[in-house]
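Counting from 1, the numbers follow the sequence of the chain as shown.
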Amino acid sequence: MTKALTTEPQRLDDLREIVAEVLEIEPEEITETSDFAEEHEADSLRAIEILARIEKKYKVSIPQAELPNMVNLRAVYTVLSQYADWQD
């Protein structure tokens, strides 16, 4: 029996759940390109909390210097995939 590989849409949904929980909004409100700061009023502390939760869930270490690049769900996925070494 082979283990099903986690796909990009599943990973995006997982990340959406994390971000929504930190920002205290419904996951449906977050699109792949909605800006966390401008559209969802995320501040730097919430950005750090999102980063910390992602690191814990995926067991990766992402430098805080990447935070300015992690402005929306798509960007978070792109940064995380580099550090988690995902081969999509």
Side-chain angles (χ1 to χ4, degrees):
M1 180 183 264
T2 59
K3 182 181 174 192
L5 295 174
T6 305
T7 64
E8 181 177 339
Q10 289 170 314
R11 289 178 178 145
L12 282 167
D13 283 345
D14 288 345
L15 290 171
R16 182 178 283 110
E17 291 290 332
I18 292 169
V19 172
E21 189 173 308
V22 172
L23 299 182
E24 299 175 354
I25 59 177
E26 293 300 317
E28 300 80 39
E29 295 179 49
I30 301 171
T31 67
E32 286 188 29
T33 57
S34 60
D35 187 282
F36 296 155
E38 290 182 18
E39 296 177 53
H40 304 299
E41 300 177 3
D43 59 16
S44 58
L45 291 177
R46 291 194 184 214
I48 291 169
E49 186 177 346
I50 291 168
L51 179 62
R53 289 189 187 202
I54 290 169
E55 287 180 324
K56 184 176 181 181
K57 177 175 176 65
Y58 294 99
K59 297 174 177 48
V60 297
S61 181
I62 301 172
Q64 283 194 10
E66 289 285 3
L67 280 174
N69 302 324
M70 300 170 76
V71 295
N72 59 40
L73 199 61
R74 173 56 54 194
V76 168
Y77 181 87
T78 300
V79 171
L80 177 57
S81 65
Q82 293 170 355
Y83 289 90
D85 199 30
W86 292 340
Q87 306 295 321
D88 287 334

Open item on the list: Within this structure, what is the CD1-CG distance for the pair Ile54 and Asp14, rounded to the nearest 0.5 Å?
Closed with: 10.5 Å

- [ ] Name all residues meeting the ring pair (Phe, Tyr, Trp, His ring centres under 6.0 Å) criterion together with Phe36; count only those two or more places apart in sequence or in a different chain, and write none if there are none.
- [x] none

Task: Minimum heavy-atom distance between Met70 and Ala75, given as atom pair plus value - done: CA-CB, 4.2 Å

- [ ] Work out which heavy atom in Leu73 is nearest to a heavy atom in Leu12; give both atom names and the distance.
- [x] CD2-O, 3.9 Å

Task: Tyr58 with Leu51, same ILVMFWY side-chain cluster at under 4.5 Å - done: yes

- [ ] Sort and list the pairs that fulfil salt bridge (charged side-chain N to carboxylate O under 4.0 Å, His left out) and have at least one residue in residues 72-81, not counting sequence neighbours.
- [x] Glu8-Arg74, Glu32-Arg74

Task: Which residues share a side chain to side chain donor-acceptor pair (under 3.5 Å) with Arg16, sequence neighbours left out - done: Asp13

TODO: Give, for atom CG of Asp85 and atom CG of Leu80, the distance between the pair rounded to the nearest 0.5 Å.
DONE: 11.0 Å

Open item on the list: Are more than 12 heavy atoms, taken from residues, nucleotides or ligands other than Glu29, located less than 6.0 Å from that residue's CD atom?
Closed with: yes

Task: Cluster check Ile25, Val76: I/L/V/M/F/W/Y, side chain < 4.5 angstrom - done: yes

- [ ] Please name the pair of heavy atoms, one in Ala20 and one in Glu26, separated by the smallest distance, quoted to 0.1 Å.
- [x] CB-C, 4.1 Å

Which pairs of donor and acceptor atoms, one on a side chain in residues 59-67, lie under 3.5 Å apart (sequence neighbours left out)?
| residue | atom | partner | partner atom | Å |
| --- | --- | --- | --- | --- |
| Glu66 | OE1 | Asn69 | ND2 | 2.8 |
| Glu66 | OE2 | Tyr83 | OH | 2.8 |

Task: Within residues 47-58 or reaching into it, pairs that qualify as salt bridge (charged side-chain N to carboxylate O under 4.0 Å, His left out) - sequence neighbours excluded - done: Glu21-Arg53, Glu49-Arg53

Task: Sequence-distant partners of Glu39, side chain to side chain donor-acceptor pair (under 3.5 Å), two or more places apart - done: none

